[in-house]
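Shown next, in structure tokens, is the structure this report addresses.
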Amino acid sequence: MRIALGQMKVEQGQPQKNLQTMTEMIEQARQQKADLIVFPEMALGGYVLQDQWLDQDWCQYLESFNEKVLALSEGIGIIFGNLAAHPIGRADRGRDGRPIRCNAAWFCQNGRWVAKENSQQAGFHIKHLNPDYRVFDDSRYFLSGMEVAMRNGWPVDRQIQPFLFETQGRTWRIGLEVCEDLWSSDYALDITDVYMRRQVDLIINISCSPWTINKEQSRDKLVARHAARYGDQFVPLVYVNACGMQNNGKNVLVFDGDSTLYNAQGKRQISLNDAFSQQCQTVSLQSEAKPVTHCENKLLEGLCCAIREFDRQMFSPSMKWIIGLSGGLDSSVVASLLVKSLGAQRVVGYNMASRYNSLTTRNNARLLAEKLGISIREGSIEKVVEATSATLQDYGYPQPQGLALENIQARLRGHLLSSFASMENGVIINNGNKVEAALGYCTLYGDAIGALSPIADCTKVQLFELARQINRSLEAEVIPMNLLPQWQSDGTMIWELPPSAELKDGQRDPMKWFYHDWLISKLTEYPTAQVEEIMASYLDGSLLKQPVGQWLRFYGLDDPQKFIEDLEWVTRTMRNAVFKRIQFPPIVMVSRGAFGSDYREAQQRPQTSERYQQLRREILQRKGDHEHFAAVEEERGSGGHS
């Protein structure tokens, strides 16, 4: 059987555009003599629609597109994702009392819905495993297949039946899955296991799976585990994913594609591109395996995809993007991403210097703009700082000093950027990184503004590597090397221009780079790795044996007193900064725990647990006892906590 993998750029809320893409790919598949074409989950309306799913008229409109696809199926089988919004047996209402909505895979051929074995429900498979974690909130919108079965008094696996697909004189028994149905190890029902017991010939999984770092590795391991479980009984698995971008208002999600035919041993046989790009390719189950070539610089490509698609779907193609160019690393990376994504003509940079900005950073900004080919406008904010200070005194306040003066400068820059955007009829890009967002090292209505936050899920350490990748891709030192730490042969680090907000004389960022990057990633990306687990691994010495241990020593945090002081500063500062993060622009999600609707936060001051207090006491009892940790490491040998 020849199968076309229709890896399409699904645009949320645009069924007409998506149908046009599907129509073109179906014609391409016919020309490639495909027996069957497979499209992603929710290929017509998009997946990340939020409460648009509660609009009954919209849902009826979207379901009507199933008939339009059915009309395209003469001479070819078509599998695609879309809404099922009609009663199924006695299940006619969702948990919210509204008419039923289900996330489904649809299957048609020759103008008819393909039959299912032992079932009257021809043509569609309902997603049985609804994810309700991270950015996913499926049970808010959809009834799962298990819930539909229970409302009808059916066994929960009754609807998980093979589709009987006839082509070239053979009937294929095909098991359909929708995205999460494949990730069954955390659920009470294993969809893949049901299909294996029902002796399918092939499993097809349609997905709208957002990319995060190393997601492709996790999926490969999952398929390999399924294959190992069933040995010689396992069957080929076709995985078709969306590409491009969708957003939920707080997070921008990118989809890498990476649609793959896995063989019966659970290994990749043929893969489409994973460069976030559309592709339609016909493969045969007997095709010779091809070496896997993953996208180079995938984080860089993912961020560019987010910017490019967000801009294309949301704004006019002539609109300008306004960026504050301080001459520091973050704004240099973001400016480079904008140019790589949209071209230099769409970007306008502004260097808004004060008396505290060094000549080096101002030169950095100027040279960056020159090498990127973007417009840069330079000026001083001193006049508006002085005017603001005078106005405050008119209201009876003293001359602002310290943090108040720093915040005034940052807010005035935000005010000016907003004014520039109005004059240019453009929008502002946000330059904040994840560590700054976590620690609230940004000023609300100052540098926390913008239409999009492309690097707010990237740590500073990731930005170091991104900067190097950008320079390599542009074959020039566009991002100045004076912004990057340089390692010496003796293990020391030279950093010509360490990060600074430049809001007062001699200012340096308070972060302990590398260690705080790791700590914040750990606290946000691994829900079970709470602060108590970090404290416990510090107490038993295993934390010092991990790669992060070198940074604990570098910053003197192998001293228990300093470790606790720093840890509590980080956690306290993170709690105090929630109000800033919930007002941040939409953040591009690339990690396992992006701020926004991925890592969800409330404004609160929770009590610490009893275990936390006990661990804190035990760590502080060893104050200054550096020999204790050295002894623990020697005793434990090369083992450690991972």
Donor-acceptor check, side chain of [X] to backbone of [Y], threshold 3.5 angstrom: yes or no?
X: D447; Y: T443; value: yes
X: S73; Y: I76; value: no
X: D55; Y: W58; value: yes
X: D274; Y: C295; value: yes
X: R346; Y: V339; value: no
X: N251; Y: V588; value: no
X: Q583; Y: F579; value: yes
X: Q28; Y: C280; value: yes

Would you say the side chains of [X] and [Y] form a donor-acceptor pair under 3.5 Å?
X: E41; Y: N103; result: yes
X: N273; Y: Q279; result: yes
X: D186; Y: S184; result: no
X: Q20; Y: Q16; result: no
X: E177; Y: Y239; result: no
X: R2; Y: T282; result: no
X: Y47; Y: D138; result: yes
X: S597; Y: N248; result: yes
X: D181; Y: H128; result: no
X: D220; Y: Y262; result: yes
X: Q269; Y: S287; result: no
X: Y599; Y: E525; result: no
X: N214; Y: Q217; result: yes
X: S144; Y: N130; result: no

Carboxylate-amine/guanidinium proximity below 4.0 Å for [X] and [Y]:
X: E180; Y: K127; answer: no
X: E477; Y: R472; answer: no
X: E424; Y: R377; answer: yes
X: D598; Y: R134; answer: yes

[Y] and [X], any side-chain heavy atoms less than 4.5 Å apart:
X: S591; Y: K434; answer: yes
X: V223; Y: L182; answer: yes
X: I479; Y: L329; answer: yes
X: L237; Y: L202; answer: no
X: C458; Y: N433; answer: no

Any chance you could measure [X], atom [atom1], to [Y], atom [atom2], to the nearest 0.5 Å?
X: N430; Y: I455; atom1: CG; atom2: CD1; result: 8.0 Å
X: E296; Y: S473; atom1: CD; atom2: OG; result: 10.5 Å
X: Q12; Y: Q313; atom1: CD; atom2: CD; result: 6.0 Å

Closest non-hydrogen atom pair between [X] and [Y], with its separation:
X: L44; Y: V69; result: CD1-CG2, 4.0 Å
X: D132; Y: S139; result: OD2-OG, 2.6 Å
X: S331; Y: N431; result: CB-ND2, 3.4 Å
X: F315; Y: A451; result: CZ-CB, 4.3 Å
X: I449; Y: S418; result: CD1-OG, 3.8 Å
X: E301; Y: F276; result: C-CE1, 3.9 Å

Answer yes or no on whether R411 is positioned over the face of Y445, meaning its NZ or CZ is under 6.0 Å from the six-membered ring centre and within 45° of the axis.
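Relative to the ring axis of Y445, which defines the angle, R411 lies outside at least one limit.
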Should we say atom [atom1] of [X] is surrounded by more than 12 heavy atoms from elsewhere, each under 6.0 Å from it?
X: N425; atom1: CG; value: no
X: Q603; atom1: CD; value: yes
X: M314; atom1: CE; value: yes

Before we go on, tell me: are the rings of H86 and F124 under 6.0 Å apart, centre to centre?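 Yes.
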Ring-ring centroid check F464 F514, cutoff 6.0 Å:
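When the ring centroids of F464 and F514 are compared, they turn out to be within the sub-6.0 Å range.
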Practice task
Pick out which of K215, R219, Q7 makes a side chain to side chain donor-acceptor pair (under 3.5 Å) with D258.
Solution key: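 Option passing the side chain to side chain donor-acceptor pair (under 3.5 Å) with D258: R219.
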Please evaluate residues V48 and L253 with respect to the criterion side chain to side chain contact (heavy atoms under 4.5 Å, CB included), reporting the C-alpha separation (whole Å), side-chain torsions for both, the decisive distance (0.1 Å), and the verdict. CA-CA 9 Å; V48 193; L253 284 56; 4.1 Å; yes
Check your understanding: Using the ring of each side chain (for Trp, its six-membered ring), is F80 parallel, tilted or perpendicular to W106, with breaks at 30° and 60°?
Key ->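 Aromatic pair F80/W106 classed parallel.
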**Request:** Classify the ring geometry between W53 and F142 as parallel (under 30°), tilted (30 to 60°) or perpendicular (over 60°).
**Result:**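 Geometry flag for F142 against W53: perpendicular rings.
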